[in-house]
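Okay, so here's the structure we're looking at.
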Amino acid sequence: MDRYRWLATVLAIVFVAVLSSFGLAHGAAALTLPLAGPPAPSDPFEAEEEDEGLAGELEEEDEEEAADDCEFEDEAQEEACEEAEEERELEAEEAEECRLESAEATVAALPGRNQVRLTVRYRTFQSSAVAIDLGLRGPKGSLDLGTDTGHFGRSGTFHATESLSDGQMTRVLAAREFSVGMHAINTPGFCGESFERHLSARKEAGAGFQWSDPTASRRAKASRAGRAS
């Protein structure tokens, strides 16, 4: 009996030792596992680079679409198309520099009141102070009617009335052409030439006469076509 009791005791000690060694090994393995932490913060510069990359891709797509408009089998035609496109872009940039988008003028003479009335219908890229020069020429001589300054909003109609002497009104009634020069103040010099109107179409209007620009309708059609495209 003592032998069996001793063997049972030895087996129990061995069994406990095995279990203990297994538990210690498992704990050691658990301690060597990396601890889970919060996700690493994203790099803001990396995000900006990704956004810039997307913007660059969109710009490239726009450029490719613009280039598609000038794709011809004939190289000369393609070059001519590209040059015309560049010229249109330059004209658009210059137009915005001038601030005036469109401006058409008429002049009415009222001999019974010795008055001349200027009317300007306009559109602008931005509200601006605009200088307006008015003059005339005809068989009775030329006449400088001076410069006026008006505030142009985004679109509207500007009116100015000038009272004249009898001698000045005689020249007005004999006028073959009125010239109207318009330019937004503090803009490049070429802007004045862009909006110089020559009013040579004369007709009776009530108790007086009216002068208008015969090319105004052509510009209006071109402007509507440009906005439609």
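The structure displayed is predicted, hence computed values, not measured ones.
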Just so I know, are the side chains of P111 and L173 near enough to count as touching, which here means a heavy-atom distance under 4.5 Å? yes

Carefully, step by step, assess S212 and L199 under the rule side-chain contact (heavy atoms from CB on, under 4.5 Å). CA-CA 4 Å; S212 60; L199 318 182; 5.5 Å; no

Between T215 and D213, which heavy-atom pair has the shortest distance, and what is it? OG1-OD1, 2.7 Å

Hydrophobic cluster membership, with links at side-chain heavy-atom distances under 4.5 Å among I/L/V/M/F/W/Y: are Y122 and F125 in one? no

Taken to the nearest 0.5 Å, the spacing of L100 CG from M182 CE works out to 7.5 Å

State the CD-OG distance between Q168 and S163, to the nearest 0.5 angstrom. 10.0 Å

Which is it for V120 and T157 under the side-chain contact (heavy atoms from CB on, under 4.5 Å) test, yes or no, and what are the steps along the way? CA-CA 6 Å; V120 179; T157 304; over 6 Å; no

Step-by-step side chain to side chain donor-acceptor pair (under 3.5 Å) determination, H159 to T119: CA-CA 5 Å; H159 297 287; T119 300; 3.3 Å; yes

For R219, I'd like to know if atom CZ has over 12 heavy atoms of other residues, nucleotides or ligands within 6.0 Å. yes

Below 4.5 Å, heavy atoms only, C-beta onward: do F158 and I132 meet side chain to side chain? yes

As an exercise, state the distance from CD of E96 to CD of E101, rounded to the nearest 0.5 Å. 9.0 Å

Within the side chain of S155, is there an N or O that forms a donor-acceptor pair under 3.5 Å with the backbone of G153? no

Rounded to the nearest 0.5 Å, the CZ atom of R176 sits from the OG atom of S200 at a distance of 12.0 Å

Do V116 and W211 have side chains that approach each other closer than 4.5 Å (heavy atoms only, starting at C-beta)? no

Quick one: do F178 and V172 satisfy side-chain contact (heavy atoms from CB on, under 4.5 Å)? Show the steps, please. CA-CA 9 Å; F178 282 84; V172 167; 3.9 Å; yes

Distance-minimising heavy-atom pair for S165 and N114: C-ND2, 3.8 Å

State, with a plain yes or no, whether a side-chain heavy atom of T124 is found less than 4.5 Å away from one of R99. no

I'd like to know if the side chain of E196 and the backbone of E193 have a donor-acceptor N/O pair within less than 3.5 Å. no

Between E104 and the options R197, R123, R218, the salt bridge (Lys or Arg N to Asp or Glu O under 4.0 Å) test singles out R197

Walk me through whether V130 and I185 qualify under side-chain contact (heavy atoms from CB on, under 4.5 Å). CA-CA 6 Å; V130 178; I185 295 174; over 6 Å; no

Using every non-hydrogen atom in the two residues, find where C98 and T187 come nearest and quote the distance to one decimal. O-CG2, 4.0 Å

Would you be so kind as to tabulate the donor-acceptor pairs closer than 3.5 Å made by side chains of residues 137-151, with sequence neighbours excluded?
unit_1: D144; atom_1: OD1; unit_2: G146; atom_2: N; d: 2.9
unit_1: T147; atom_1: OG1; unit_2: D133; atom_2: OD1; d: 2.4

Inter-residue atom distance L110.CG - Q115.CD, 0.5 Å rounding: 6.0 Å

NZ on K221 to OG on S217, rounded to 0.5 Å: 5.5 Å

Examine F190 and F195 and state if one hydrophobic cluster contains both, with Ile, Leu, Val, Met, Phe, Trp and Tyr joined whenever side-chain heavy atoms are less than 4.5 Å apart. no

